[in-house]
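Notes to accompany the following structure.
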Amino acid sequence: PSMLAYEDDFLLIIDKPAGMLVHPTVSERGTTLYDYVKAYYEATGINAGIHPVSRLDRNTSGLVLIAKVPQVQYKLTPRRGEDKLFHREYLALIEGELTPPEGLIDAPIARALPSIILRKVSPDGQAARTHYDTVRTDGELSLVHLVLDTGRTHQIRVHLAHLGHPLLGDDLYGGSLTRIKRQALHAARLHFRHPMTGAEIDVQVPLPSDMAQIVSDFQR
């Protein structure tokens, strides 16, 4: 199935499946988002570059923005002190129910040393703010809509675990693997002003089947 969510002369937006890396590594080739786009260009005769503007963890699904030309990547990458130039919204499945059902998590995030991967909420970390609202809950599980003011590594995962409601499938931060074997996080919407045309671009994609199945099982 096509993962292409949007395309014009300057950029692509791809709906990345969970489990796919954005960039090739020494040990993995042929299954990354980079390789997918390269194959798509070859199949359609497009002569363009592959310059990722937004990135997602391997096990997070959803929208990734790729510039076809370096100028677009440059124009959509915020300089120090600038506000974010594109707006991202996520959907996540968590254990339990957030109280209040909507709010702002304002908690700085730092490395959880000596780990090079783990992050934690810490007063000496970098500022991190996550807006959330509960879309649906059955008390036991909740589907939560999230908007980031900042883009720290693992921000959503760390913030929700900090509140005692880790993402389903996120065993790195205490989430249960019984219903899903990856962190239940999906980048559902990208909204930004096109850096070349000035048009408002707003792309939304539905939940992938693994998360949608869990939501449909919520006790009605």
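Sequential numbering from 1 along the given sequence is applied to the chain's residues. What you see is a predicted model, and the numbers here were worked out from it, not measured in a lab.
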Before we go on, tell me: are the rings of Tyr173 and His154 under 6.0 Å apart, centre to centre? yes

Please say yes or no: joined through hydrophobic side-chain contacts below 4.5 Å, possibly via intermediate residues, are Met3 and Val64 part of one cluster? yes

With side-chain contact (heavy atoms from CB on, under 4.5 Å) as the criterion, how do Leu207 and Leu143 come out once you've worked through the C-alpha distance, each side chain's angles and the decisive distance to 0.1 Å? CA-CA 11 Å; Leu207 281 176; Leu143 178 66; 4.3 Å; yes

Do His23 and Thr32 have side-chain heavy atoms sitting under 4.5 Å apart? no

Give the intermediate values and the outcome of side-chain contact (heavy atoms from CB on, under 4.5 Å) for residues Leu56 and Arg88. CA-CA 11 Å; Leu56 293 176; Arg88 276 200 274 195; 4.1 Å; yes

Check for a donor-acceptor pair, side chain of Asp138 on one end and backbone N or O of Glu140 on the other, with a separation under 3.5 Å. yes

Ile13 and Met196: same hydrophobic cluster, using ILVMFWY side-chain contacts below 4.5 Å? yes

Check: Leu65 main-chain N/O paired with Ser54 side-chain donor or acceptor under 3.5 Å: yes

With a 4.5 Å heavy-atom cut-off, do Val22 and Tyr34 have their side chains touching? no

Looking only at non-hydrogen atoms, find the nearest pair between Met211 and Leu185 and report the distance. SD-N, 3.8 Å

In terms of hydrophobic clusters joined by side-chain contacts under 4.5 Å, are Val121 and Val144 together? no

Ile14 versus Leu63: any side-chain heavy-atom pair under 4.5 Å? no

Going by the rule side-chain hydrogen bond (donor to acceptor under 3.5 Å, both in side chains), which residues pair with Thr130 if we only count those two or more places apart in sequence or in a different chain? Gln155, His159

Work out which heavy atom in Arg193 is nearest to a heavy atom in Leu76; give both atom names and the distance. O-CD2, 4.3 Å

Sub-3.5 Å donor-acceptor pair from the side chain of Gln73 to the main-chain atoms of Pro52, do we have one? yes

Residues Lys68 and Asp9: closest non-hydrogen pair is CD-O, 3.5 Å

For Gln204, does the CD atom sit with more than 12 other heavy atoms under 6.0 Å from it, leaving out its own atoms? yes

Indicate, with yes or no, if the rings of His194 and Phe10 have centres closer together than 6.0 Å. yes

When you check the gap from the basic side-chain N to the acidic O, do Arg179 and Asp210 get nearer than 4.0 Å? no

Looking only at non-hydrogen atoms, find the nearest pair between Val203 and Ala5 and report the distance. CG1-CB, 3.8 Å

Interatomic distance, NZ@Lys181 vs OG1@Thr178, rounded to 0.5 Å, equals 7.0 Å

side-chain contact (heavy atoms from CB on, under 4.5 Å) between Leu98 and Leu160, worked out: CA-CA 9 Å; Leu98 289 166; Leu160 288 165; 4.1 Å; yes

State, yes or no, whether a side-chain contact exists between His145 and Tyr132 at a heavy-atom distance under 4.5 Å. no

Would Ile46 end up clustered with Leu33 when hydrophobic side chains under 4.5 Å apart are linked, directly or stepwise? yes

Just wondering, do Asp15 and His186 contact through their side chains at under 4.5 Å, heavy atoms? yes

Side chains of Asp202 and His87: is there a donor and an acceptor less than 3.5 Å apart? no

Considering non-hydrogen atoms only, spot the tightest contact between Leu167 and Ala92 and give its length. CD2-CB, 3.7 Å

Output yes when a side-chain donor or acceptor of Ser142 lies under 3.5 Å from a complementary backbone atom of Gly96, and no otherwise. yes

Write down the atom of Leu4, the atom of Tyr36, and the distance for their closest heavy-atom approach. N-OH, 4.0 Å

Rounded at 0.5 Å granularity, tell me how far CG in Asp133 sits from CD in Glu102. 5.5 Å

For residues 103-120, tabulate all N or O donor-acceptor pairs below 3.5 Å that involve a side-chain atom, not counting sequence neighbours.
residue, atom, partner, partner atom, Å
Arg111, NH1, Ile116, O, 3.2
Ser115, OG, Ile117, N, 3.0
Ser115, OG, Leu118, N, 2.9
Arg119, NH1, Ile116, O, 3.4
Arg119, NH1, Ile117, O, 2.9

Side chains of Val215 and Leu93: closer than 4.5 Å at any heavy-atom pair? yes

Euclidean distance, Ile50 CD1 relative to Ile66 CD1, rounded to 0.5 Å: 7.0 Å

Flag, side chain of Asp57 to backbone of Thr60, donor-acceptor distance under 3.5 Å: no

Can you tell me how far apart CD (Gln71) and NE2 (His51) are? Round to the nearest 0.5 Å. 8.0 Å

So do the side chains of Leu168 and Leu141 get within less than 4.5 Å of each other, counting heavy atoms only? yes

Between Tyr6 and Val69, is there shared hydrophobic-cluster membership here, with clusters defined by ILVMFWY side-chain heavy atoms closer than 4.5 Å? yes

Evaluate Leu12 against Tyr41 for side-chain contact (heavy atoms from CB on, under 4.5 Å), listing each step before the verdict. CA-CA 11 Å; Leu12 293 167; Tyr41 284 175; 3.7 Å; yes

Determine whether the side chains of Thr150 and Gln126 contain a donor N or O and an acceptor N or O closer than 3.5 Å. no

Any Ile214 side-chain heavy atom under 4.5 Å of Ile180 side chain: yes

Taking atom CD of Glu97 and atom OG1 of Thr134, what is their separation to the nearest 0.5 Å? 7.0 Å

Please check if the side chain of Lys16 supplies one atom and the backbone of Met20 the other of a donor-acceptor pair under 3.5 Å. yes

